[in-house]
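The next block holds one structure in the form of structure tokens; read it before the comments.
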Amino acid sequence: NAGVMQNPRHLVRRRGQEARLRCSPMKGHSHVYWYRQLPEEGLKFMVYLQKENIIDESGMPKERFSAEFPKEGPSILRIQQVVRGDSAAYFCASSLKQGANTEAFFGQGTRLTVV
Amino acid sequence: TQLLEQSPQFLSIQEGENLTVYCNSSSVFSSLQWYRQEPGEGPVLLVTVVTGGEVKKLKRLTFQFGDARKDSSLHITAAQPGDTGLYLCAAGSGNTGKLIFGQGTTLQVKP
């Protein structure tokens with residue numbers, strides 16, 4: 001049973017370009033969470049999605065960031081017109097069900113570097 | 001705003017020593033999780049504690065949830081170089097399954 005798959009593992013973008021980060025949840029998981037991690041820091045929640053629905057986007061910046069989880073295919077985190085401050089590791093997690101004590105499994109992350 | 005404060009932020013010890021990492025909050029949580037993250041990898045769940053006063057052991061690691069469910073500790077006995085990594089505590093926020101993380105404790109165990 002494959003774990004959470006994220007790609008690419010590393011992504012370099014010039015300022016002003018778009019970054020697309022992909023996340024395939026574990027088989028059977030329909031709940032996806034995106035987190036951002038700055039160096040030597042903990043993870044910060046960005047967005048929670050179920051298939052075709054954004055449930056909680058309270059951690060998403062208001063501009064340039066968007067996320068989707070279509071009926072078919074991976075979840076996508078999209079960052080438009082990237083700036084240097086967007087450089088970070090972006091992690092996706094998936095869970096089988098929703099709930100306060102539900103176990104979430106994390107992918108290996110995408111490390112975005114904006115030059 | 002719910003916050004989790006971890007201490008210490010950095011810890012460098014010799015192989016064989018014992019250590020304790022703390023995770024504190026002013027909020028009450030229904031559960032708390034501990035993760036370990038190695039460089040270049042995602043966090044891996046070590047344990048979930050649910051009941052106030054609960055103690056769980058995972059080989060040389062001992063996890064405790066405070067009686068009031070506001071704090072937790074991770075104790076490592078006879079640390080080994082393989083224990084090196086970033087240790088994160090996290091708690092659920094609301095009923096959606098999203099997690100709030102502490103800022104982490106970077107542990108380095110020297111051989």
Side-chain angles (χ1 to χ4, degrees), chain A residues 2-10 21 23-26 29-50 53-60 67 88-111 113, chain B residues 1-12 21 23-25 27-52 54 56 65 69 85-108:
Chain A
V4 178
M5 302 300 292
Q6 289 189 248
N7 68 83
R9 291 290 303 276
H10 300 274
L21 289 61
C23 169
S24 296
M26 287 183 69
H29 287 194
S30 60
H31 303 264
V32 166
Y33 306 81
W34 285 92
Y35 293 83
R36 177 164 62 178
Q37 184 178 35
L38 296 173
E40 305 295 339
E41 290 190 10
L43 284 72
K44 298 283 191 258
F45 168 78
M46 299 181 75
V47 62
Y48 162 45
L49 309 103
Q50 294 179 19
N53 288 302
I54 297 174
I55 307 301
D56 182 346
E57 56 182 348
S58 58
M60 287 277 271
Y90 292 82
F91 290 95
C92 167
S94 74
S95 66
L96 188 60
K97 55 183 180 179
Q98 175 180 322
N101 299 334
T102 300
E103 183 176 359
F105 296 84
F106 283 81
Q108 293 180 302
T110 293
R111 278 139 191 89
T113 302
Chain B
T1 302
Q2 297 171 313
L3 289 175
L4 288 171
E5 297 286 337
Q6 282 189 242
S7 62
Q9 197 169 353
F10 299 99
L11 197 52
S12 181
V21 176
C23 177
N24 297 298
S25 176
S27 301
V28 176
F29 296 105
S30 59
S31 67
L32 195 139
Q33 301 176 346
W34 284 93
Y35 290 83
R36 178 166 165 265
Q37 184 181 19
E38 296 189 36
E41 301 294 328
V44 176
L45 180 65
L46 297 174
V47 77
T48 300
V49 285
V50 178
T51 306
E54 181 177 7
K56 281 191 174 179
F65 201 13
R69 291 185 287 127
L86 177 67
Y87 289 83
L88 297 157
C89 65
S93 177
N95 292 320
T96 61
K98 73 180 184 185
L99 296 169
I100 298 171
F101 281 85
Q103 73 272 42
T105 295
T106 299
L107 172 64
Q108 181 187 41

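First the proteins, then the strands, lettered A, B, ... as listed; each starts at 1. This structure is a prediction, so every number in the text was calculated from the model and none was measured.
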Check your understanding: Got a sec, which residues hit salt bridge (charged side-chain N to carboxylate O under 4.0 Å, His left out) with B:Glu5, two or more places apart in sequence or on another chain?
Key -> none
Revision key, fill the gap. Across all chains, not counting sequence neighbours, the salt bridge (charged side-chain N to carboxylate O under 4.0 Å, His left out) partners of B:Lys56 are B:Glu54
Study note, to complete from the structure: Taking every heavy atom of A:Arg111 against every heavy atom of B:Gly40, the minimum-distance pair comes out as NH2-C, 3.2 Å
Exercise for review: Working to the nearest 0.5 Å, report the span between CD of A:Gln108 and CD of B:Glu38.
Suggested key: 11.0 Å
**Study point:** Spatial distance of atom CD1 (B:Ile100) from atom CG (A:Leu43) [nearest 0.5 Å]
**Key:** 12.5 Å
Practice item. Check whether the ring centres of B:Tyr35 and A:Phe106 lie less than 6.0 Å apart, and answer yes or no. Key: yes
Point to revise | Part of B:Gln37 within contact of chain A (heavy atom distance under 4.5 Å) | key: side chain
Check your understanding: What residue, out of B:Leu88, B:Leu45, B:Val44, has the most heavy-atom pairs lying under 4.5 Å from chain A?
Key -> B:Leu45
Exercise for review: Mind ranking A:Tyr48, A:Phe91, A:Tyr35 by heavy-atom pairs under 4.5 Å with chain B and telling me who comes out on top?
Suggested key: A:Tyr35
Practice item. Tell me, for A:Gln37 versus chain B, whether the close heavy atoms (under 4.5 Å) come from the side chain, the backbone, both or neither. Key: side chain
